[in-house]
Amino acid sequence: MSVEKVVIGNTTLYHGDCRDVLPALPMVDCVITDPPYSERCHSCHDAGSAKARDSSERKALGYKALSIDDVTYFAEQYQRVCSGWIVWMTDSDLALAVRTALEKAGRYAFAPLPFFQPGRSVRLSGDGPSSWTDWIVAARTTAQMKWGTLPGGYVAGPGWNDKARMGGKPTLLMDALVSDYSRHGQMVLDTHMGSGTTGVSCVNAGRRFIGCEIEREAFDIACRRIEDAQRQTSLFPESEKAK
């Protein structure tokens with residue numbers, strides 16, 4: 001498919017397959033991304049969607065799960081294009097594979113960090129525990145050895161249910177990850193930006209941003225949200241946006 005490029009302030013957004021975009025990208029300072037999850041996660045979600053009383057609340061996922069080959073590919077590409085932290089959100093099935101792939105690519109990858117959001121995913125079949133935890137794999141180069149101590153996980157609180165789209169992440173979570181793993185003025189890449197929450201957080205925190213999204217509806221939402229964020233932050237001096 002062809003790739004569409006949209007520039008909004010200090011962000012560059014691509015509508016298309018990120019595999020077509022990655023080879024031409026400049027070096028970035030940080031990758032913060034939330035690619036699709038494992039096949040089991042997708043199949044369980046879609047099965048639950050079919051049983052949901054209100055299909056508008058639990059639609060089937062409209063994108064493919066990530067395979068082990070995909071994990072290896074993206075780990076190698078992130079290693080090539082990123083000079084700083086790689087922060088990769090995933091599920092329990094893929095967390096170890098992501099960590100192993102990043103280490104094989106040449107990174108130091110830490111044990112997966114939990115993102116715990118009580119009450120988030122109801123197990124509609126009623127046969128066991130619901131899924132309240134996603135996992136975040138953070139990996140660095142030797143250049144980040146003096147970065148400083150970072151949180152051992154993230155717990156959702158009031159105001160963390162503002163997702164713009166199914167499968168998205170709360171703005172407050174992305175605000176925290178952008179603040180923790182990048183510095184003011186740096187370039188952050190999200191190869192699977194969805195509705196653009198990482199881009200919104202980057203704009204608010206004074207980072208530059210490159211985002212890729214293959215789904216048209218999600219891309220259009222991301223453009224609108226990032227445009228709105230740019231307008232809002234233009235009302236404040238640059239020094240107040242620094243974190």
Side-chain angles (χ1 to χ4, degrees), residues 18 30-49 57-68 70-71 74-75 78 85-102 107 109-125 128-140 150-182 188-202 211 213 215 218 222:
C18 62
C30 179
V31 171
I32 300 177
T33 192
D34 183 25
Y37 287 4
S38 68
E39 178 59 40
R40 181 160 71 168
C41 176
H42 279 233
S43 60
C44 289
H45 176 94
D46 289 351
S49 299
E57 293 183 1
R58 191 180 176 97
K59 296 179 181 178
L61 296 172
Y63 43 89
K64 294 181 180 179
L66 217 63
S67 69
I68 296 299
D70 293 329
V71 169
F74 284 114
Y78 296 157
W85 286 98
I86 297 170
V87 182
W88 184 329
M89 280 164 276
T90 188
D91 63 10
S92 59
D93 278 25
L94 285 182
L96 179 57
V98 169
R99 184 184 186 186
T100 299
L102 289 171
R107 295 272 163 156
F110 291 82
L113 308 171
F115 166 52
F116 185 67
Q117 191 169 12
R120 181 199 59 184
S121 298
V122 177
R123 193 160 184 85
L124 296 174
S125 59
S130 299
S131 176
W132 288 0
T133 308
D134 291 326
W135 297 94
I136 303 166
V137 181
R140 61 160 173 78
L150 292 166
Y154 300 85
V155 180
W160 287 61
N161 281 321
D162 66 337
K163 296 188 297 183
R165 181 173 171 268
M166 182 181 62
K169 292 297 179 290
T171 303
L172 289 174
L173 172 64
M174 304 319 298
D175 287 347
L177 293 176
V178 167
S179 177
D180 289 342
Y181 289 96
S182 67
V188 176
L189 168 66
D190 185 353
T191 53
H192 300 78
M193 72 172 175
S195 58
T197 305
T198 305
V200 170
S201 295
C202 285
E213 176 53 43
E215 290 191 352

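Of the inter-residue distances, the one linking Ser182 atom OG with Leu189 atom CG reads 12.0 Å to the nearest 0.5 angstrom. Atoms CD and OG, from Gln117 and Ser131 in turn, are 10.5 Å apart once rounded to the nearest 0.5 Å. To the nearest 0.5 Å, atom OH of residue Tyr154 and atom CZ of residue Phe115 are 11.0 Å apart. Summarising the geometry, atom CG belonging to Asp34 is positioned 4.0 Å from atom OH belonging to Tyr37; distances are rounded to the nearest 0.5 Å. Within the model, atoms OG1 of Thr90 and CD1 of Ile136 stand 11.0 Å from one another, a figure rounded to the nearest 0.5 Å.
Proximity of Ile86 to Leu102: side-chain heavy atoms (C-beta onward) are separated by under 4.5 Å at one or more points. Between Leu94 and Leu66, some side-chain heavy-atom pair lies under the 4.5 Å cut-off. In this structure, the side chains of Phe110 and Arg140 come closer than 4.5 Å at one or more pairs of heavy atoms. Inter-residue side-chain proximity for Glu39 and Asp93 is flagged as unmet; no heavy-atom pair is nearer than 4.5 Å. The closest side-chain heavy-atom distance from Trp88 to Arg99 is not below 4.5 Å. At least one side-chain heavy atom of Val178 sits under 4.5 Å from a side-chain heavy atom of Ile32. Looking at Pro36 and His192, their side chains come closer than 4.5 Å, going by heavy atoms from C-beta outward. A heavy-atom distance below 4.5 Å is not found between the side chains of Pro35 and Phe74.
A pairwise comparison of heavy atoms in Ala156 and Pro118 identifies O-CD, 4.4 Å as the closest pair. Counting all heavy atoms, side chain and backbone alike, Trp135 lies closest to Ser92 at CD1-N, 3.6 Å. In terms of heavy-atom proximity, Ser38 sits nearest to Asp91 at OG-OD2, 2.6 Å. Residue Pro158 comes nearest to Leu172 through the heavy atom pair O-CD1, 4.1 Å, listed as atom of the first residue, atom of the second, then distance. The heavy-atom pair separating Cys18 from Thr191 by the smallest distance is CB-O, 3.5 Å.
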Go through the steps for Thr197 and Ser195 under the test side chain to side chain contact (heavy atoms under 4.5 Å, CB included), then give the verdict. CA-CA 6 Å; Thr197 305; Ser195 58; 4.0 Å; yes
For a side chain to side chain contact (heavy atoms under 4.5 Å, CB included) check, start with the C-alpha distance between Thr33 and Met193, then their side-chain angles and the critical distance, and finish with the verdict. CA-CA 7 Å; Thr33 192; Met193 72 172 175; over 6 Å; no
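Screening residues 130-139 for salt bridge (charged side-chain N to carboxylate O under 4.0 Å, His left out) gives Arg120-Asp134, Asp134-Lys169 as the qualifying pairs, with residues at least two apart or on separate chains.
In terms of modelled atom types and a separation under 3.5 Å, the side chain of Glu213 and the main chain of Gly194 share a donor-acceptor contact. Between the Ser201 side chain and the Asp175 main chain, a donor and an acceptor come within less than 3.5 Å of each other.
Take Asp70 and apply the salt bridge (Lys or Arg N to Asp or Glu O under 4.0 Å) test, not counting sequence neighbours, and it matches Arg19.
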